[in-house]
Amino acid sequence: MEQDRLNELMKARRQKMVQLKEKGVEPFGSKYVCSHYSAEVIGQFDALENKEVSLAGRLTGIRTHGKATFADLQDYKGKIQIYFRLDQLGEEKYNLIDLFDIGDFIAVKGPVFKTRKGEITVAVHDYRFLTKALRPLPEKWHGLKDVELRYRQRYLDLIVNEEVRQTFINRSKIIQTMRDVLNEWGFLEMETPIMQTIAGGALARPFITYHNALDMKLYLRIATELHLKRLLVGGLDKVYEIGRIFRNEGISPFHNPEFTSVEIYQSYADYEDMMSITENLIYECARRVLGKSEISYQGETFDLTPPWPRETMINVVHKYCGVDFAKISDDAGAREAAREAGLELEGESTWGEILNLFFETYCEEQLCQPVFILGYPIDVSPLSKRMDSDPRLTYRFEGFIAGKEVANAFTELNDPIDQRERFERQLARRQAGDEEAHMMDEDFLTALEYGMPPAGGLGIGIDRVVMILTDSPSIRDVILFPTLKPR
RNA sequence: GAGCCAUUAGCUCAGUCGGUAGAGCACCUGACUUUUAAUCAGGGUGUCGCAGGUUCGAUUCCUGCAUGGCUCACCA
């Protein structure tokens with residue numbers, strides 16, 4: 001494509017590709033079976049010294065010295081030096097090195113040795129050319145810094161920036177650990193629809209798509225909640241789903257339109273059990289993947305060892321704002337408190353909404369150390385069970401680390417009459433223009449009417465957990481291909 | 001959606017109080033059989049994000065646009 005746009009560097013590489021072909025070397029080769037990865041050769045040097053190994057990888061540096069050449073070979077597990085000699089390879093094979101570029105893939109075979117300066121090196125007795133790189137790699141010292149290029153061409157970021165590769169390897173391990181641990185605890189992984197006729201289970205604006213054959217609108221899911229609860233009705237007592245969620249909302253260092261959540265549901269359990277699952281699951285991820293439970297995030301250190309402290313929302317708001325909602329009895333009193341605190345209210349805000357607003361505005365970001373905040377108002381919790389001791393609150397908590405919400409869980413509302421009333425209240429807000437209010441889900445209500453056992457449910461934002469465990473300041477650092485506008 | 005900032009070589013960046021641009025790495029030519037940011041000698045390879053405007057002249061000043069970043073808004 002775009003021949004005329006090829007610059008000098010790319011022209012030179014294409015020319016080398018043609019020259020390789022002319023000399024009978026296929027520039028885009030085939031299968032090669034290696035004996036080791038670079039890191040294994042380095043790690044097992046004592047056993048492998050003077051033994052022949054075969055490796056494949058990408059050339060990331062070439063240092064020629066006339067009749068000898070050193071190069072760096074980068075593979076999946078690291079990087080190792082390789083050493084070509086004219087007298088070892090013969091003129092024909094040695095001279096082909098002139099046609100190698102940084103970025104090319106080659107396979108090498110030969111004995112392992114240590115150079116004078118002590119670097120473990122593979123003496124190349126034979127090699128095979130595997131793939132020509134027609135474009136130059138970003139520079140080796142400074143790496144690739146341009147964030148836009150890093151996101152759009154993540155493969156370059158992965159090649160050149162070692163920490164980035166490690167972050168995504170850790171992301172994979174963290175998710176695998178969640179699966180392992182949940183399976184060990186007897187949970188079953190489920191898959192529920194991503195395209196739904198009603199987007200429920202959270203308060204968020206959905207993406208809309210369209211099915212041609214059925215001639216109808218479909219929504220991309222904003223949560224997995226309501227389908228997983230149907231599975232509890234069906235008698236699958238301990239289930240979870242790890243999957244992509246889509247929310248048609250703003251983008252920020254902590255929000256990407258598509259992100260990954262794990263939701264976990266357990267019959268005959270309650271939100272106390274969900275707290276235990278949350279703290280133990282995240283603790284296990286840290287311990288098994290990072291090998292430690294004390295971690296530092298953006299300069300702040302904290303310990304993930306369970307149990308995490310518990311605090312009620314009312315107490316936290318009292319502590320940070322000096323406003324005691326336990327002593328405010330009605331909506332009017334709450335509005336008065338909001339006015340005094342300079343909070344802007346839209347419409348007829350209720351006691352619960354205002355309590356939540358105080359919490360989100362003044363308290364959330366202060367919660368550096370891992371903590372569970374309990375007792376969310378019923379007005380902002382349409383799917384959680386009402387507290388026996390205070391009908392304005394629910395058995396719901398959120399888990400915070402570094403001031404960011406990482407978990408949201410509750411004792412599930414399993415009373416279909418109450419649930420219908422909550423949906424109706426949401427519907428009223430929807431009709432008043434709140435696009436994030438819940439839709440009426442008759443099918444879900446029908447399921448509840450068949451009887452859902454008492455249960456606890458939990459959702460964890462996996463991207464946020466990965467951010468914290470990999471000390472990443474932006475969600476884009478833990479999503480391989482974050483959402484961007486097209487160029 | 002709003003404000004601020006950025007966009008110059010393949011990469012990382014400098015620069016021009018307005019006279020079409022430079023460094024390191026990379027790349028090209030040559031020397032070199034234990035180098036490793038190899039070294040030595042030589043060579044700038046560019047639509048200065050895009051489109052207008054002001055001007056004798058714009059990469060530079062102005063306006064608009066695009067993309068990105070940060071902050072805010074939004075956001076269980």
Side-chain angles (χ1 to χ4, degrees), chain A residues 4-13 15-16 60-72 79-89 94 98 101-103 113-121 123 133-153 156-157 159-161 201-205 222-223 225 245 247-257 259 261 344 356 359-360 364 373 376-377 380-384 396-400 404-410 435-438 459-461 464 473-474 476 482 484-487:
Chain A
D4 45 350
R5 279 192 48 210
L6 292 182
N7 64 29
E8 292 304 312
L9 301 183
M10 291 196 268
K11 276 182 194 152
R13 282 166 182 256
Q15 207 141 39
K16 287 180 181 176
T60 56
I62 302 175
R63 299 175 288 283
T64 59
H65 297 264
K67 299 187 178 66
T69 296
F70 289 89
D72 299 318
K79 191 184 270 193
I80 193 166
Q81 180 167 264
I82 57 179
Y83 180 46
F84 302 86
R85 286 173 67 111
L86 173 63
D87 54 10
Q88 180 62 243
L89 285 165
Y94 185 82
D98 287 341
D101 282 304
I102 287 172
F113 75 106
K114 232 177 218 178
T115 63
R116 250 182 240 159
K117 296 269 173 69
E119 175 145 357
I120 294 166
T121 302
L134 295 179
R135 288 172 184 266
L137 250 34
E139 196 227 339
K140 56 183 174 183
W141 300 359
H142 306 89
L144 185 63
K145 292 209 170 136
D146 184 320
V147 285
E148 192 175 349
L149 282 185
R150 287 184 46 223
Y151 300 154
R152 288 190 196 280
Q153 297 180 277
L156 295 178
D157 197 23
I159 292 167
V160 166
N161 296 324
L203 305 181
R205 202 182 316 176
I222 55 174
E225 170 143 359
I245 301 297
R247 295 188 183 173
N248 206 340
E249 290 161 355
I251 295 176
S252 86
F254 283 84
H255 299 84
N256 195 62
F259 61 100
S261 77
E344 274 191 43
N356 188 55
F359 174 71
E360 287 185 348
E364 260 188 30
I373 302 300
Y376 275 65
V380 296
S381 312
L383 303 164
S384 331
R396 173 184 170 194
F397 73 84
E398 288 191 349
F400 290 85
K404 296 298 170 192
E405 175 204 340
V406 295
N408 175 31
F410 29 92
E435 286 185 73
E436 279 131 26
H438 221 287
I460 295 176
R464 297 235 178 122
S474 167
R476 292 187 179 110
L484 294 175
K485 288 192 191 180
R487 263 264 236 223

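Each chain gets a letter, A, B and so on, in the order the sequences are listed, and its residues count up from 1. Small disclaimer: the values here were computed from a predicted structure and weren't measured. Because only heavy atoms are used, hydrogens play no part in the values below, and waters and symmetry mates are left out as well, while side chains stay in.
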With respect to the side chain of A:Ala68, which nucleotide from B:U33, B:U35, B:C28 is positioned closest?
-> B:U33
Tell me which nucleotide among B:C75, B:U33, B:U36 gets nearest to the side chain of A:Glu119.
-> B:U36
Any base atoms under 4.0 Å from [X], or only sugar-phosphate, or nothing? Heavy atoms, all strands.
X: A:Phe259; result: nothing
X: A:Glu436; result: sugar-phosphate
X: A:Glu405; result: sugar-phosphate
X: A:Leu149; result: sugar-phosphate
X: A:Phe113; result: base
X: A:Leu86; result: nothing
X: A:Glu249; result: sugar-phosphate
X: A:Gly459; result: nothing
X: A:Val380; result: base

Rounding to an integer number of Å, can you tell me how far [X] [atom1] sits from [N] [atom2]?
X: A:Asn248; N: B:G1; atom1: CG; atom2: C1'; value: 14 Å
X: A:Asp72; N: B:A26; atom1: CG; atom2: P; value: 12 Å
X: A:His142; N: B:A9; atom1: NE2; atom2: C1'; value: 15 Å
X: A:Phe70; N: B:U39; atom1: CZ; atom2: C1'; value: 13 Å
X: A:Lys140; N: B:A38; atom1: NZ; atom2: C1'; value: 9 Å
X: A:Leu203; N: B:C74; atom1: CG; atom2: C1'; value: 14 Å
X: A:Lys145; N: B:A26; atom1: NZ; atom2: P; value: 16 Å
X: A:Phe254; N: B:C75; atom1: CZ; atom2: P; value: 18 Å

Spacing of the [atom1] atoms in [M] and [N] (rounded, Å):
N: B:U7; M: B:C50; atom1: P; result: 13 Å
N: B:U34; M: B:G24; atom1: C1'; result: 27 Å
N: B:U45; M: B:G68; atom1: C1'; result: 27 Å
N: B:G43; M: B:A38; atom1: P; result: 22 Å
N: B:U8; M: B:G57; atom1: P; result: 27 Å
N: B:A14; M: B:U54; atom1: C1'; result: 28 Å
N: B:C61; M: B:G42; atom1: C1'; result: 40 Å
N: B:U71; M: B:U55; atom1: P; result: 42 Å

At under 4.0 Å between heavy atoms, which parts of nucleotides 65-70 of chain B does protein reach? Answer with one letter per nucleotide, 5' to 3': B base, S sugar-phosphate only, - none.
-> --SSSS
When you check every protein heavy atom under 4.0 Å of nucleotides 42-50 of chain B, what one-letter string (B, S, -) results, 5' to 3'?
-> ---------
Side chains of A:Ile159 and A:Pro138 in contact at under 4.5 Å (non-hydrogen atoms) | no
Classify the angle between the aromatic ring planes of A:Phe70 and A:Tyr83 as parallel (below 30°), tilted (30 to 60°) or perpendicular (above 60°).
-> parallel
Could you tell me which residues satisfy side chain to side chain donor-acceptor pair (under 3.5 Å) with A:Gln81, sequence neighbours excluded, listed by chain and number?
-> A:Arg63, A:Thr121
If one requires at least 3 consecutive Watson-Crick or G-U pairs with distances under 3.5 Å, the stems of RNA chain B turn out to be B:1-7 with B:66-72, B:10-13 with B:22-25, B:27-31 with B:39-43, B:49-53 with B:61-65
For A:Phe254, side chain to side chain contact (heavy atoms under 4.5 Å, CB included) partners two or more places apart = A:Ser252, A:Tyr297, A:Lys404, A:Arg464, A:Met467
With sequence neighbours left out, the residues meeting salt bridge (charged side-chain N to carboxylate O under 4.0 Å, His left out) with A:Glu398 are A:Arg396
